[in-house]
Amino acid sequence: MRRTLIVAVTLAGLALLVYQSGLLAEAGLFANGLLPPVPIPVDNPQTDAKLRLGKQLYFDKRLSSDGTVACVTCHRPDAGWADTEATSTGVGHKRGGRNSPSVLNGGYFVPQFWDGRALHLEKQAVGPVQNPVEMDQTPEQVAHTLGGIPGYVTQFQEVFGEAPSLELVAKAIASFERTIVSTNSAYDKYLQGDDEALSPAARRGMDLFNGKGHCTPCHSGPLFSDQQFHNLGIGYQDGKFADVGRFAVSNRLPDTGAFRTPSLRSVALTAPYLHDGSAATLLEVIELYDRGSIQNPYLDPLMEPLNLTRREKLDLVAFLQSLTGEPIKGDPPVLPE
């Protein structure tokens, strides 16, 4: 029942994305419109007290086994709520194999993670907590740690009426993450009638994005993501993939080397790029697409050479930069003792 409610509410929010995109297309405007409100699960409503608790937990390194890693370690407010490293460092200086995606707009995504292994944000929020390379904690250890901090015991009782547990940690962190939304970009202002919001280069880039650049088949809708999985050939060498991606979840051969399409909102803030962080700049990503990506047996049929000029590539970068939303403050909270 709980899962059904979450899915129903989430799909309702996503339906708004699709509906709005359709209206814009019918009006002769753009498939990538304004974001609707973030869908909120029926069984995890937002409250001020829960958001405060979720933010504290997001910043608290005591959730990791050695007290050195928190959510904010790999999803930094000063880096577009992502990481500046190609792959992040977890407990014991262990290095992960994938780039940490931005938390921005995470409340819209179904499913979560590069490979879609978690359906909703509550599962994403605690995935790293239990990952042995990231925070390396068990549910029992989390409950024990937080249960030994009087301030948290009081807050969990006030918010949930229960003692701290990993399930409730997930609800609190997910609630906080749903408030991290990229909005009011230059592009959004342009859609709302401010003709001067976009530079000439960004306007040319927008036309390319919707045309010759062949971007919208995957980066569609207000989120600038179809939320599907595509193989670009990243990491393919000597007949094999360094990371099989979605295949590890679906066990379907066509999903080999496929990863979820990221949102492009505020993408200029979240370098490096791609699932392995192998592209340092947006221009590098565009040049990869321009070459038709990397040939392999499972390459997505949407990948094809674009034959872009140097100026066209730079215009696309200008358009992507116009998708940067207003800054979202992420000042560290005072943690309970």
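Note that the structure is predicted; figures quoted are calculated from it, not measured.
Heavy atoms only, all atoms of each residue included: Ala170 and Ala125 are closest at O-CB, 3.9 Å. Considering all non-hydrogen atoms of both residues, Gly107 and Leu121 come closest at CA-CD2, 3.9 Å. Minimum interatomic distance between Ser65 and Val91 (heavy atoms only, all atoms of both residues): OG-CG1, 3.8 Å. Among all heavy-atom pairs drawn from Gly330 and Phe59, the shortest one is O-CZ, 3.3 Å. Scanning both residues, Glu122 and Pro41, for their nearest heavy atoms gives OE2-CG, 4.0 Å. Here the closest non-hydrogen pair linking Gly325 and Ser266 is N-OG, 2.9 Å.
The 12-atom threshold is not exceeded at CG of Asp48, counting heavy atoms of other residues, nucleotides or ligands nearer than 6.0 Å.
The shortest side-chain heavy-atom distance between Pro262 and His219 falls under the 4.5 Å cut-off. Between Gln112 and Pro101 there is no side-chain heavy-atom pair separated by less than 4.5 Å. Counting heavy atoms from C-beta on, the side chains of Leu288 and Ile294 come closer than 4.5 Å. Considering only heavy atoms from C-beta on, Lys50 comes within 4.5 Å of Pro45 through its side chain. Between Phe259 and Leu274 there is no side-chain heavy-atom pair separated by less than 4.5 Å. With contacts defined as side-chain heavy-atom distances shorter than 4.5 Å, the pair Tyr236/Gln295 does not qualify. A heavy-atom distance below 4.5 Å is not found between the side chains of Pro333 and Arg52. Between Tyr273 and Leu282, the closest side-chain pair of non-hydrogen atoms falls below 4.5 Å.
Separation of atoms CG (Leu104) and CD (Glu177) is listed at 10.5 Å; rounding is to 0.5 Å. Atom CD of Gln124 is separated from atom CD1 of Ile173 by 9.0 Å, given to the nearest 0.5 angstrom. Interatomic distance, CG of Leu314 versus CG of Leu208, reported as 11.0 Å (0.5 Å rounding). We find the CD-OG1 distance between Gln46 and Thr179 to be 7.0 Å, quoted to the nearest 0.5 Å. With values rounded to the nearest 0.5 angstrom, Lys61 atom NZ is found 12.5 Å from Cys71 atom SG. Put simply, OG on Ser263 and CG on Leu323 are 8.5 Å apart, with the number rounded to the nearest 0.5 Å.
Remark: side-chain polar atoms of Thr256 are paired, donor with acceptor, to backbone N or O of Leu253 under 3.5 angstrom. Under the 3.5 Å distance criterion, the side-chain polar atoms of Gln227 are matched with a main-chain donor or acceptor of Val110. Looking only at distances, a side-chain donor or acceptor of Ser102 sits under 3.5 Å from a matching main-chain atom of Gly80. Remark: the backbone N or O of Leu335 is not paired with any side-chain donor or acceptor of Asp60 at under 3.5 angstrom. A side-chain donor-acceptor contact under 3.5 Å links Ser225 to the backbone of Thr261. In this structure, the side chain of Gln141 does not engage the main chain of Gln137 through any donor-acceptor pair within 3.5 Å. Asn99 places no side-chain N or O within donor-acceptor distance of the main-chain N or O of Thr87, the cut-off being under 3.5 Å. Between the side chain of Asn44 and the backbone N or O of Lys171 there is at least one donor-acceptor pair closer than 3.5 Å. Between the side chain of Gln56 and the main chain of Val334, a donor-acceptor pair closer than 3.5 Å is present. Looking only at distances, a side-chain donor or acceptor of Lys94 sits under 3.5 Å from a matching main-chain atom of Pro132.
Under the salt bridge (charged side-chain N to carboxylate O under 4.0 Å, His left out) criterion, the residue pairs touching residues 223-251 are Arg98-Asp243, with sequence neighbours excluded. Judged as a ring-ring contact (aromatic ring centres under 6.0 Å, His included), the pairs with a partner in residues 61-94 (not counting sequence neighbours) are, in order, Tyr58-Trp81.
For Ser100 and Ser88, the side-chain atoms include at least one donor-acceptor pair closer than 3.5 Å.
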Check your understanding: When you look at Thr216 and Asn32, which way does the side-chain hydrogen bond (donor to acceptor under 3.5 Å, both in side chains) test go after all the steps?
Key -> CA-CA 8 Å; Thr216 51; Asn32 306 102; over 6 Å; no
Exercise for review: With side-chain contact (heavy atoms from CB on, under 4.5 Å) as the test, would you mind laying out the steps for Arg291 and Glu287 before giving the verdict?
Suggested key: CA-CA 6 Å; Arg291 296 190 297 271; Glu287 288 176 338; 3.9 Å; yes
Point to revise | Residues Ser175, Leu51; criterion side-chain contact (heavy atoms from CB on, under 4.5 Å); working and verdict | key: CA-CA 6 Å; Ser175 292; Leu51 296 181; 3.9 Å; yes
Exercise for review: Could you check Met135 against Thr73 for side-chain contact (heavy atoms from CB on, under 4.5 Å), going step by step and ending with a plain yes or no?
Suggested key: CA-CA 10 Å; Met135 298 170 76; Thr73 304; over 6 Å; no
Review point. Going through the distances and angles, do Leu232 and Asp300 end up as a side-chain contact (heavy atoms from CB on, under 4.5 Å)?
Key: CA-CA 7 Å; Leu232 310 183; Asp300 195 292; 5.6 Å; no
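Cluster annotation: Val159 is connected to Val142 through the hydrophobic network of ILVMFWY side chains, with a link wherever side-chain heavy atoms come within less than 4.5 Å. Leu119 and Val169 sit in two unconnected hydrophobic clusters of ILVMFWY residues. Membership requires side-chain heavy atoms under 4.5 Å apart, directly or through other members. Note: the hydrophobic cluster containing Leu308 also contains Leu302 (ILVMFWY, side chain heavy atoms under 4.5 Å, direct or indirect links). Taking hydrophobic clusters as Ile, Leu, Val, Met, Phe, Trp and Tyr residues chained together by side-chain heavy-atom distances below 4.5 Å, Leu320 shares a cluster with Leu191. Linking Ile, Leu, Val, Met, Phe, Trp and Tyr whenever their side-chain heavy atoms come within less than 4.5 Å puts Leu53 and Val72 in one cluster.
Among residues two or more places apart in sequence or in another chain, the salt bridge (Lys or Arg N to Asp or Glu O under 4.0 Å) test is passed with Asp315 by Arg204, Arg311.
In this structure, Asp115 pairs ionically with Arg117, as a charged nitrogen and a carboxylate oxygen lie closer than 4.0 Å. Salt-bridge check for Asp188 with Arg265: passed, with a basic side-chain N closer than 4.0 Å to an acidic carboxylate O.
Taking the six-membered ring where tryptophan is involved, the planes of Phe224 and Phe319 are tilted, since the angle between them lies from 30° to 60°. Ring geometry, Phe241 versus Tyr298: the interplanar angle falls from 30° to 60°, so the pair is classed tilted.
Ring to ring, Tyr187 and Phe209 are not that close: their centroids are 6.0 angstrom or more apart.
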